[in-house]
Number of protein chains: 2
Amino acid sequence: MNLLPILEPATDEACCAPAGTPALGAEEAKQKALVFKALADPNRLRLLSIIKASSSGATCVCDLTDPLDLGQPTVSHHLKILVEAGLLHREKRGTWAYFSLAPGALDNAAGMLANL
Amino acid sequence: MNLLPILEPATDEACCAPAGTPALGAEEAKQKALVFKALADPNRLRLLSIIKASSSGATCVCDLTDPLDLGQPTVSHHLKILVEAGLLHREKRGTWAYFSLAPGALDNAAGMLANL
DNA sequence: GACCTACATTGATGGCTGTCAATATTGGCG
DNA sequence: CGCCAATATTGACAGCCATCAATGTAGGTC
């Protein structure tokens with residue numbers, strides 16, 4: 001990734017270190033938080049799970065409303081959030097909208113945790 | 001919530017698959033969402049980053065307030081959330097409280113994404 | 001064209017959350 | 001014991017968020 005500012009422990013006393021700049025920049029943190037925000041809802045996790053488990057790899061909204069006990073607009077809203085976070089891919093085919101996992105998106109999120 | 005009257009769509013046709021039970025259970029999803037909720041804040045990500053980058057592996061609160069531009073109570077609040085999510089470990093030593101990464105916690109969270 | 005179906009958008013609302021000021025607690029030190 | 005320093009807790013408040021009802025849009029069918 002990028003170079004981290006080395007923390008120089010050199011300070012006065014016992015308690016702690018200086019900690020001038022944090023290891024993770026404010027902007028970068030904000031960006032990464034967006035992905036985890038999208039993952040921070042039980043129903044969205046279940047949506048991802050269902051879509052991932054789907055044999056065809058693509059699922060339409062009518063498949064997703066029933067198992068979640070949510071209204072159709074709510075599911076549509078969650079799907080939008082997941083798409084905007086880059087986790088899902090939407091493909092409109094005729095009247096139906098098919099959703100599939102964005103390739104590598106989950107791995108990418110997992111990598112964020114490893115490279116904090 | 002309550003039971004929704006099942007609309008009999010009579011459209012048993014071509015759209016999708018049955019989708020009886022979702023792959024991820026409601027309770028399980030709620031539990032996992034708690035971890036991601038803890039990760040879904042930029043300042044908490046930066047806290048984790050600073051603590052992880054700390055040479056000693058343990059950092060006290062006084063090290064964490066300055067680089068984040070947040071008040072001490074707010075930082076304390078964020079740390080509490082991270083501890084309760086199982087991501088951090090708190091060790092009180094005299095007047096100071098030292099925080100360190102909970103071993104394997106980040107890997108565990110990354111695993112959740114892989115095993116959705 | 002008229003109508004239906006699948007999905008998206010809007011508006012409203014209750015609940016959650018991040019932040020701060022003020023205060024409480026706890027340990028160390030004289 | 002009295003005081004200070006480090007941290008935690010409480011209360012209050014603004015902003016965000018998940019949800020639903022109602023409506024809009026667009027594709028398919030007759």
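In what follows, chains carry the letters A, B, and so on, assigned in the order in which the sequence lines appear, proteins first and then strands, with residues in each chain numbered from 1. Note that these values count all heavy atoms, side chains included, but never hydrogens, waters or copies made by symmetry.
Nucleotide C/dC16 holds its C1' atom 12 Å from the CG atom of A/D41, rounded to whole Å. Between B/D69 atom CG and C/dG18 atom P there is a gap of 18 Å when expressed in whole angstrom units. Taking atom CG of B/L70 as the reference point, atom C1' of C/dA21 lies 15 Å away to the nearest angstrom. Counting to the nearest Å, the P atom of D/dT7 and the CG atom of B/D66 are 12 Å from each other. Between the C1' atom of D/dT25 and the CH2 atom of A/W96 lies a distance of 17 Å, rounded to the nearest Å. Remark: P of D/dA18 and NZ of B/K30 are 15 Å apart, rounded to the nearest angstrom. Between B/L82 atom CG and C/dG18 atom C1' the separation is 13 Å, expressed in whole Å. Per the geometry, CG belonging to B/L68 stands 15 Å off C1' belonging to C/dC20, to the nearest Å.
Ion pairing between a basic and an acidic side chain is recognised when a charged N comes within 4.0 Å of a carboxylate O; A/K30 and A/E28 show no such pairing.
In this structure a side-chain-to-backbone donor-acceptor pair under 3.5 Å is present from A/R46 to B/L24.
Comparing C/dA8, D/dA5, C/dA6 by their closest approach to the side chain of B/T95 singles out D/dA5. In this structure, the nucleotide among C/dC20, C/dA8, D/dA8 sitting nearest to the side chain of A/R90 is C/dA8.
Shortest non-hydrogen contact noted between A/G86 and A/A105 is O-CB, 3.4 Å.
For B/S76, the side chain to side chain contact (heavy atoms under 4.5 Å, CB included) partners at least two apart in sequence or on another chain are B/Q72.
Under the 4.5 Å side-chain contact rule for hydrophobic residues, A/V75 and A/V83 share a cluster.
Across all strands, B/R93 comes closer than 4.0 Å to no nucleic acid atom at all (heavy-atom distances).
Ranked by how close their nearest DNA chain D nucleotide is to the 5' end, A/K92 and A/A40 are led by A/A40. Along DNA chain D, the nucleotide closest to A/K37 and the one closest to A/G94 are compared, and the more 5′ of them pairs with A/K37.
For B/Q31, the CD atom is loosely surrounded, since the number of other residues' heavy atoms within 6.0 Å does not exceed 12.
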Listed pairs under 3.5 Å, donor-acceptor, residues 32-45 of chain B side chains, sequence neighbours left out:
residue	atom	partner	partner atom	Å
B/K37	NZ	A/A40	O	3.3
B/D41	OD1	B/N43	N	2.9
B/D41	OD1	B/R44	N	3.2
B/R44	NE	B/A38	O	2.7
B/R44	NH1	B/H78	ND1	3.1
B/R44	NH2	B/K37	O	3.1

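A heavy-atom distance below 4.0 Å to DNA chain C is reached by these residues of residues 71-81 of chain B, ordered by number: B/G71, B/P73, B/T74, B/H77, B/H78, B/I81.
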